[in-house]
Amino acid sequence: MQYVRSMAQPVKPVRPQTSSQRLKVRRLLASAAMELFATKGYEATTVDEIAAAAGVARRTFFRHFRSKEEAIFPDHDDTLVRAEAVLDAAPAHENPIDTVCRGIKEVMKMYAASPAVSVQRYRLTREVPALREREIASVARYERLFTRYLLGQFDENSHNGDEPLLAEVAAAAVVTAHNHVLRRWLRRDGEGDVEAELDHAFAIVRRTFGALPAIAAGAPAAVASAQGEVLVTVARTDAPLDEVMRTIEQALRRR
């Protein structure tokens, strides 16, 4: 009896991609998608064509994106993680509105890292409703993240159940301010000091929401005595003067 040895080679395990490799493939697919959308049009471009232009298989495309409109937003997942990390690492004394403003800056950093690509993406989203809807869905994810964070900063005994409304409105204000500045920058083809403009927009948001008495972490507080003889004020050492003055005025009015 003869025995035949199998010549088959052992199957090597597929190593999972690192986060950097994953992002590299996603950006490659995004670049191919944008190029094809610009030359052939969004409707005429297929997933197979995008994968072929990027030099990968169709199944590789679907490991990274669920649809072709999702393909031109490759960085939002990682940026959302970075924004959440900013919230998680926030100093105890920092005003939560300031923390959220720092978190949304991760999004601006993403766009500012590749101005030409960001401008091209912006133009495409203006022309293709499906891409605009995908962009709106991405914005909503940031708003939900910031709303949850702000809601967790409220005093348990404040505002009698209005905390969810206040948290959602404040989070939306920060995101809207960011997007307003971002759109203006993109319409200027990515030129100008976008960071300075963003800081100015956030200063307006802070004047409106930064002294919310319901937000406990780091917020200034003031109490006036019933006899009007003593006014005790507690504020962060880095609190803006106008914020402290508003708190004092509110305490005096409540006498």
Side-chain angles (χ1 to χ4, degrees), residues 19 23 70 73-113 118 121-122 125 131-186 194-221 236 238-240 242-243 246-247:
S19 59
L23 187 56
E70 191 176 284
F73 301 102
D75 300 328
H76 276 300
D77 287 347
D78 295 279
T79 303
L80 192 71
V81 171
R82 291 198 302 274
E84 187 169 12
V86 170
L87 306 184
D88 292 341
H93 69 274
E94 185 173 45
N95 188 299
I97 297 296
D98 292 342
T99 305
V100 171
C101 288
R102 289 197 301 109
I104 195 67
K105 276 189 173 183
E106 293 298 320
V107 182
M108 185 63 77
K109 290 176 185 177
M110 174 190 73
Y111 282 94
S118 298
R121 182 186 295 140
Y122 174 73
T125 57
L131 298 181
R132 177 60 178 159
E133 291 173 5
R134 173 59 57 181
E135 183 182 48
I136 292 172
S138 296
V139 170
R141 295 171 68 192
Y142 294 105
E143 287 194 10
R144 288 194 296 270
L145 172 66
F146 298 142
T147 297
R148 289 195 303 269
Y149 173 75
L150 290 175
L151 188 57
Q153 309 305 309
F154 276 81
D155 189 310
E156 294 180 355
N157 300 315
S158 64
H159 284 270
N160 299 317
D162 289 335
E163 296 87 353
L165 172 62
L166 291 169
E168 188 168 352
V169 170
V174 172
V175 173
T176 299
H178 168 274
N179 291 345
H180 175 81
V181 172
L182 175 61
R183 285 193 297 270
R184 289 175 57 183
W185 179 71
L186 292 170
V194 69
E195 185 174 351
E197 293 179 27
L198 193 60
D199 287 339
H200 174 72
F202 287 160
I204 295 173
V205 173
R206 288 188 188 97
R207 286 200 296 269
T208 306
F209 295 100
L212 276 176
I215 295 182
R236 305 186 327 270
D238 61 345
D242 60 342
E243 181 178 322
R246 279 199 308 272
T247 306

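Shortest non-hydrogen contact noted between A170 and I97 is CB-CD1, 4.0 Å.
A distance of 11.0 Å separates NE2 in H180 from CG in L198, rounded to the nearest 0.5 Å. Going from atom NE2 of H178 over to atom CZ of R183 covers 10.5 Å, rounded to the nearest 0.5 Å. Rounded to the nearest 0.5 Å, atoms CD (E168) and CG (L166) are 10.5 Å apart. Note: R184 CZ to N179 CG = 13.5 Å, rounded to the nearest 0.5 Å. Considering CZ of R132 and OG1 of T125, their distance stands at 6.5 Å, rounded to 0.5 Å. Rounding to the nearest 0.5 Å gives a distance of 4.0 Å between CD1 of I204 and NE2 of H200.
Every salt bridge (charged side-chain N to carboxylate O under 4.0 Å, His left out) that R134 has, sequence neighbours left out, goes to E70. With sequence neighbours left out, the side chain to side chain donor-acceptor pair (under 3.5 Å) criterion links R141 to D77. Partners of E84 under the salt bridge (charged side-chain N to carboxylate O under 4.0 Å, His left out) rule, at least two apart in sequence or in another chain, do not exist in this structure. Listed by chain and residue number, R27 satisfy the side chain to side chain donor-acceptor pair (under 3.5 Å) test with D75 (two or more places apart in sequence, or in another chain).
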Report, one line per pair, each donor and acceptor closer than 3.5 Å where one atom sits in a side chain of residues 142-151; sequence neighbours left out.
| unit_1 | atom_1 | unit_2 | atom_2 | d |
| --- | --- | --- | --- | --- |
| Y142 | OH | H76 | ND1 | 2.8 |
| T147 | OG1 | E143 | O | 2.7 |

Can you give me every donor-acceptor pair (side chain of residues 99-108, partner residue at least two apart or in another chain, under 3.5 Å) with its distance?
| unit_1 | atom_1 | unit_2 | atom_2 | d |
| --- | --- | --- | --- | --- |
| T99 | OG1 | E94 | OE1 | 2.7 |
| T99 | OG1 | N95 | O | 3.4 |
| R102 | NE | E94 | OE2 | 2.9 |
| R102 | NH2 | E94 | OE1 | 2.9 |
| K105 | NZ | D199 | OD1 | 2.8 |
| E106 | OE1 | R82 | NE | 3.3 |
| E106 | OE2 | K109 | NZ | 3.2 |

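Side-chain contact between W185 and Y111: present, with at least one pair of heavy atoms (C-beta onward) separated by less than 4.5 Å.
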